[in-house]
Peer 1: 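Please read through the structure below; I'll follow up with questions.
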Protein chains: 2
Amino acid sequence: MTLQYALLGFLNYGPMTGYDLKKLLDTSTQMFWHAELSQIYPQLKKMEKDGLLTVICEPQAGKPDKKIYNITNQGRAVLLQWLSEPLDEVLPDKDPVLLHLFFAGALNKQVILSQLRLQLELRRAYLSRVEVEVAGFIQDTIRVTGQKREGIFWELIRRFGAEQTRTSIAWLEEAIQLVESELS
Amino acid sequence: MTLQYALLGFLNYGPMTGYDLKKLLDTSTQMFWHAELSQIYPQLKKMEKDGLLTVICEPQAGKPDKKIYNITNQGRAVLLQWLSEPLDEVLPDKDPVLLHLFFAGALNKQVILSQLRLQLELRRAYLSRVEVEVAGFIQDTIRVTGQKREGIFWELIRRFGAEQTRTSIAWLEEAIQLVESELS
DNA sequence: CAAGGCATGTAAATCGTTACATGATTTA
DNA sequence: TAAATCATGTAACGATTTACATGCCTTG
């Protein structure tokens with residue numbers, strides 16, 4: 001169901017195809033929402049049937065028709081209603097990395113250390129991507145589309161990701177030290 | 001598949017029932033892994049069929065037989081193999097709260113502020129639970145079971161949750177200020 | 001006396017991933 | 001010439017949630 005709202009959110013920016021939506025999911029929401037084309041296409045079909053979207057087919061040579069989706073007033077209403085819902089939960093998410101670590105007592109010190117060091121490396125690389133590429137991408141998008149109000153929230157979420165990653169990095173550094181010194 | 005490893009991880013501590021496992025998932029891993037009984041029972045059955053577990057049925061009056069599961073050597077090998085896998089990904093998780101906020105530009109200032117304030121309240125409450133109850137629960141468990149080595153990791157993960165929550169709180173406070181001052 | 005804990009499950013539905021299928025054009 | 005981009009999908013499988021079903025015992 002949530003995928004529906006993600007798609008409505010993007011279609012509220014303007015008409016586009018399923019393929020376009022996939023690219024947007026991959027470049028902007030990927031860290032907190034993503035989906036495969038094989039999930040997006042049927043979902044769009046259902047939303048059209050439900051009256052949340054309309055389609056225009058644009059014939060193309062050598063490729064399938066381009067199906068350009070438009071959000072309807074009903075679709076906009078459904079989106080706004082969802083967006084207005086109170087955020088009254090702290091969401092438990094699923095994180096296999098933490099599950100690993102939770103049972104890591106069963107492993108020997110060296111294996112644990114190499115796992116922690118690998119995570120540390122990956123998160124440092126991710127942080128620099130968020131601080132450089134993602135930040136630039138958001139500024140470009142604001143400039144090109146003129147979505148200043150929306151841009152405030154995009155940037156806020158980017159900073160959230162950066163802060164969370166910094167926290168992870170500091171924690172991993174401490175964890176490595178602790179395992180090195182306190183684990184036999 | 002990951003649920004299997006969570007169950008193996010707990011059964012590696014000692015024999016127990018599906019009902020027991022559900023309670024453990026609810027009290028210790030709930031923030032990074034959880035499952036319903038309707039998923040746990042069939043999974044245990046499958047794991048027994050696969051030779052990762054053995055069962056002993058203990059008849060009870062007025063209740064269904066208690067089915068006590070034991071991890072086998074093969075189960076232990078499967079668990080250790082999974083635990084040893086390199087943690088070579090930064091996991092994208094799904095977070096409807098961030099998705100909300102990503103599209104919050106479509107909402108008016110007051111609705112956004114009340115949503116952010118609600119999240120702030122919830123996370124402050126969660127942090128105090130992690131710092132008091134969860135911390136106490138972990139120390140009790142270490143004392144009662146004597147799992148000192150495992151306890152190091154439980155405590156590490158608890159601190160991770162606390163740090164991430166602190167980061168969220170600081171970020172929400174900033175976000176509220178920014179929305180108050182910079183959004184019309 | 002109602003609610004919750006104990007203890008097991010099944011059935012249906014939804015959500016999500018992976019694999020398969022087509023076929024032209026562009027880029028490395 | 002192989003791979004990526006464009007552009008659509010279907011099919012099969014696996015993971016997860018929600019609803020339903022039973023029934024005793026304990027606690028408030």
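Predicted, not measured: the structure shown is a model, and the values here were computed from it. Worth knowing before you read on, the calculation uses all heavy atoms, side chains too, and leaves out hydrogens, waters and symmetry mates. By convention in this document, chain letters (A, B, ...) are assigned in the order of the sequence lines, proteins followed by strands, and residues within each chain are numbered from 1.
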Peer 1: Scan for side-chain hydrogen bond (donor to acceptor under 3.5 Å, both in side chains) pairs involving residues 127-147 of chain B, sequence neighbours excluded, and state none if there are none.
Peer 2: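 Every pair satisfying side-chain hydrogen bond (donor to acceptor under 3.5 Å, both in side chains) with a residue in residues 127-147 of chain B: B:Glu131-B:Arg158, B:Glu131-B:Arg166, B:Asp140-B:Arg143, B:Thr145-B:Gln147.
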Peer 1: Over all heavy atoms of both residues, which pair between B:Tyr19 and B:Leu37 is shortest? Give the atoms and the distance, please.
Peer 2: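 For B:Tyr19 and B:Leu37, the tightest heavy-atom pair comes out as CA-CD2, 4.2 Å.
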Peer 1: Using whole Å, what does the distance between atom C1' of nucleotide D:dA7 and atom CG of A:Asp26 come to?
Peer 2: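 Atom-to-atom, A:Asp26 to D:dA7, this comes out as 15 Å.
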Peer 1: B:Leu44 has an atom CG; how far is it from atom C1' of D:dA15, in whole Å?
Peer 2: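 Atom CG in B:Leu44 sits about 15 Å away from atom C1' in D:dA15.
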Peer 1: Which whole-number value in Å describes the distance from A:Lys22 NZ to C:dG16 C1'?
Peer 2: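 These atoms are roughly 12 Å apart.
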Peer 1: Of all the nucleotides listed (D:dT16, D:dA7, C:dA7), which has the minimum atom distance to the side chain of A:Gln60?
Peer 2: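 In terms of side-chain proximity for A:Gln60, the closest of D:dT16, D:dA7, C:dA7 is D:dA7.
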Peer 1: Check whether more than 12 heavy atoms from other residues, nucleotides or ligands sit under 6.0 Å from atom CD of A:Glu180, and answer yes or no.
Peer 2: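 More than 12 within 6.0 Å, yes.
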Peer 1: Check whether any side-chain N or O of B:Lys94 sits under 4.0 Å from OP1 or OP2 of C:dC15, and answer yes or no.
Peer 2: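 False: B:Lys94 side-chain N/O out of range (4.0 Å or more) of C:dC15 OP1/OP2.
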Peer 1: Who pairs with B:Asn70 by side-chain hydrogen bond (donor to acceptor under 3.5 Å, both in side chains), at least two apart in sequence or on another chain?
Peer 2: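 With sequence neighbours excluded, B:Asn70 shows a side-chain hydrogen bond (donor to acceptor under 3.5 Å, both in side chains) to no residue whatsoever.
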Peer 1: With a 4.0 Å cut-off on heavy atoms, is A:Lys23 in touch with a base, just the backbone sugar-phosphate, or nothing at all?
Peer 2: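 Since only primed, P, OP1 and OP2 atoms lie under 4.0 Å of A:Lys23, the category is sugar-phosphate.
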Peer 1: Roughly how many Å is it from CD in B:Gln30 to P in D:dT16, rounded to a whole number?
Peer 2: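 Rounding to the nearest Å, CD of B:Gln30 and P of D:dT16 are 17 Å apart.
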Peer 1: For nucleotides 8-14 of chain C, read 5' to 3', which letter fits each nucleotide if B means a protein heavy atom sits under 4.0 Å from the base, S means only the sugar-phosphate is that close, and - means neither?
Peer 2: BBBB---
